Amino acid sequence: MRNTKFVVVKLRELLKTAVFAILGVIILLGLIHFFLHMGSEESAGGYRDGTYEAELSLGAQQASVQVEIADGKITDVAMIDEREAIAVLYPAVETAMEEVRAQVLQKQSAEGVTVSSQHTYSAQVLLDGIAACLEEAQS
């Protein structure tokens, strides 16, 4: 019986060690996940999904532009609440919206959009509204 050794393990110490080991593994997994997925949102477009609206001021008239984003990409740009007064007083707005919409969907940005010289003012107002929506949607 002389070779018999007793090992005394305190339950409290064992529990502390287990808890710290589990926390360490969770933190390590979280860091790995964070660094592996660090640039994935930017490559998907960098926008949060949703529908964003911005108010436009066309002289004394008010209108709204709406930008829809799905899977981090711009899927639609449209004017909403367009009143008859805007169509009558600012007929170039509808044509400018078609030009701007096509380019924004192609470029996935409001930057670098060019329009014909006939629609410069209307297009700039629309682009300002679209840029405000995209700024709100930025991640």
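Quick caveat, the model's predicted, so the values are computed rather than measured.
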Q: Rounded to the nearest 0.5 Å, what's the gap from CD1 on I80 to CG on L56? Could you check?
A: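 Between atom CD1 of I80 and atom CG of L56 there are 9.5 Å.
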
Q: Kindly give the heavy-atom pair with the smallest separation between V67 and C133, and that separation in Å.
A: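 Residues V67 and C133, closest heavy atoms: CG2-CB, 3.7 Å.
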
Q: Would you say that V65 contacts E53 through its side chain, given a criterion of any heavy-atom pair below 4.5 Å between the two side chains?
A: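 Counting from C-beta outward, V65 and E53 never come under 4.5 Å.
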
Q: If hydrophobic clusters are built from ILVMFWY residues whose side chains come within less than 4.5 Å, do I27 and F35 share one?
A: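 I27 and F35: one cluster.
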
Q: Report the C-alpha separation of Q124 and T120 in whole Å, then their side-chain angles, then the decisive distance to 0.1 Å, and conclude whether the side-chain contact (heavy atoms from CB on, under 4.5 Å) test is met.
A: CA-CA 6 Å; Q124 189 58 49; T120 305; 5.6 Å; no

Q: Mind checking whether V100 and V77 have side chains closer than 4.5 Å, heavy atoms only?
A: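 No, every pair of side-chain atoms sits at 4.5 Å or beyond.
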
Q: Taking distance alone, no hydrogens or angles, what donor-acceptor pairs closer than 3.5 Å link side-chain atoms of residues 9-16 to residues at least two apart or in another chain?
A:
none

Q: How about L134 and I69: do any of their side-chain heavy atoms sit closer than 4.5 Å?
A: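 Of all side-chain heavy-atom pairs linking I69 with L134, at least one is under 4.5 Å.
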
Q: Just by distance, no angles: are the side chains of E68 and T51 close enough, under 3.5 Å, to form a donor-acceptor pair?
A: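 There is no such pair (donor and acceptor under 3.5 Å, judged by atom type) between the side chains of E68 and T51.
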
Q: Kindly determine whether H33 and L29 satisfy side-chain contact (heavy atoms from CB on, under 4.5 Å), including the steps that lead there.
A: CA-CA 6 Å; H33 177 72; L29 290 175; over 6 Å; no

Q: Please check this pair: side chain of E136 against backbone of Y52, looking for a donor-acceptor N/O pair closer than 3.5 Å.
A: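 Such a contact is absent between E136 side chain and Y52 backbone.
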
Q: Side-chain contact, heavy-atom cut-off 4.5 Å: Q66 with D76?
A: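 No, every pair of side-chain atoms sits at 4.5 Å or beyond.
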
Q: Donor-acceptor check, side chain of K73 to backbone of Q108, threshold 3.5 angstrom: yes or no?
A: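 Flag not set: sc K73 to bb Q108 has no pair under 3.5 Å.
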
Q: How long is the gap from CD1 on I130 to CD on E135, to the nearest 0.5 Å?
A: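 These two atoms lie 14.0 Å from each other.
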
Q: Which pair of non-hydrogen atoms, one from A110 and one from L127, has the smallest distance, and what is that distance?
A: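 Closest pair (atom of A110, atom of L127, distance): O-CD2, 3.9 Å.
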
Q: Could you tell me whether E98 atom CD has more than 12 heavy atoms of other residues or ligands within 6.0 Å of it?
A: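 Yes, enclosed.
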
Q: To check you understand the geometry: which heavy-atom pair defines the closest contact between G129 and A54, and what is its length?
A: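 Looks like O-CB, 3.4 Å.
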
Q: Compare every heavy atom of S109 with every heavy atom of I74, then report the nearest pair and how far apart it is.
A: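 Taking every non-hydrogen atom into account, CD1-N, 3.9 Å.
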
Q: Check whether any side-chain heavy atom of E99 sits under 4.5 Å from a side-chain heavy atom of T95, and report yes or no.
A: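 Contact flag for E99/T95 side chains = yes.
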
Q: With a 4.5 Å cut-off on side-chain heavy atoms, are M79 and V93 touching?
A: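 Side-chain contact under 4.5 Å: yes.
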
Q: To the nearest 0.5 Å, what is the distance between OG1 on T75 and CG on D49?
A: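 Rounded to the nearest 0.5 Å, the OG1-CG separation comes out at 8.5 Å.
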
